[in-house]
Amino acid sequence: PEQRLFNLLRTDRNYVTREDWKEHLAVLLDTHPGLDFLKGTPEFQDRYLECVVERIYYVNNRSENYKMTLSEIQRSNLCQVLKIVDVEPDINKVMDYFSYE
């Protein structure tokens, strides 16, 4: 799963950028029932995405260069957390990265 996530996020590089994450996580804003309150407020949507991505990098990007590698994704819990986000309607119950409380 980690390899598939990595390949989905990146384009032609051997790392994933913050913009790659933001682009793909933007779908979450449109589809997750726990984030309905953000619809119609683009400025808060942008801030929420920035916060989530910064949390992801703070915890998992050990080189602190904003270039997340496959090995960093493999060492992380990102795939597990994304699976939980997919089935949990209350985003605040997903404490890793996504909770806004």
Assess whether atom NZ of K39 is packed by more than 12 heavy atoms of other residues, nucleotides or ligands within 6.0 Å. yes
Distance check, rounded to the nearest 0.5 Å: E50 atom CD versus Q45 atom CD? 12.0 Å
Hey, any chance Y58 and M95 share a hydrophobic cluster, counting ILVMFWY side chains that come within less than 4.5 Å of each other, even indirectly? no
Only one of L35, D86, L82 passes side-chain contact (heavy atoms from CB on, under 4.5 Å) with L28; say which it is. L35
Evaluate side-chain contact (heavy atoms from CB on, under 4.5 Å) for S63 paired with E72, printing each intermediate quantity in order. CA-CA 9 Å; S63 55; E72 288 173 320; 3.6 Å; yes
Just do the side-chain contact (heavy atoms from CB on, under 4.5 Å) check on Y66 and E54 with the steps written out, would you? CA-CA 9 Å; Y66 292 105; E54 288 303 316; 3.3 Å; yes
Validation: residues 5-13 side-chain donor-acceptor distances under 3.5 Å, sequence neighbours left out:
from	atom 1	to	atom 2	distance (Å)
N7	OD1	Q3	NE2	3.2
N7	OD1	R10	NE	3.3
N7	OD1	R10	NH2	3.2
N7	ND2	Q3	O	3.3
R10	NH1	R13	O	2.5
T11	OG1	R13	NH1	3.0
R13	NH2	D20	OD1	3.0
R13	NH2	D20	OD2	2.2

Could you label the plane-to-plane angle of the Y48 and Y100 rings as parallel, tilted or perpendicular, counting under 30° as parallel and over 60° as perpendicular? perpendicular
Would the distance check show the side chain of Y57 and the main-chain N or O of K67 forming a donor-acceptor pair, the cut-off being under 3.5 Å? no
Have N77 and Y97 got a donor and an acceptor in their side chains that come within less than 3.5 Å? yes
For K83, does the NZ atom sit with more than 12 other heavy atoms under 6.0 Å from it, leaving out its own atoms? no
Side chain proximity check, W21 to M68, heavy atoms < 4.5 angstrom: yes
Side chain to side chain, E43 and T41, heavy atoms closer than 4.5 Å: yes
Rounded at 0.5 Å granularity, tell me how far OG1 in T17 sits from CG in N65. 11.5 Å
Under 4.5 Å between side-chain heavy atoms, hopping through other hydrophobics if needed: is there a path connecting F44 to F37? yes
Does CZ belonging to R47 count more than 12 external heavy atoms closer than 6.0 Å? no
Is there a side-chain contact between N14 and T69 (heavy atoms, below 4.5 Å)? no
How long is the straight-line distance from NZ of K22 back to CG of D46, given to the nearest 0.5 Å? 8.0 Å
SG (C79) and CD (Q74) are apart, to the nearest 0.5 Å, by 9.5 Å
Output for pair (H32 NE2, L38 CG), nearest 0.5 Å, gives 11.5 Å
Any idea which heavy atoms bring S76 and N60 closest together, and the distance? CB-OD1, 3.1 Å
Let me check something: do Y15 and V59 share a hydrophobic cluster, defined by ILVMFWY side-chain heavy atoms less than 4.5 Å apart, either directly or through other members? no
Going through the distances and angles, do L25 and I56 end up as a side-chain contact (heavy atoms from CB on, under 4.5 Å)? CA-CA 12 Å; L25 290 175; I56 288 171; 4.2 Å; yes
Greater than 12 external heavy atoms within 6.0 Å of R55's CZ: yes
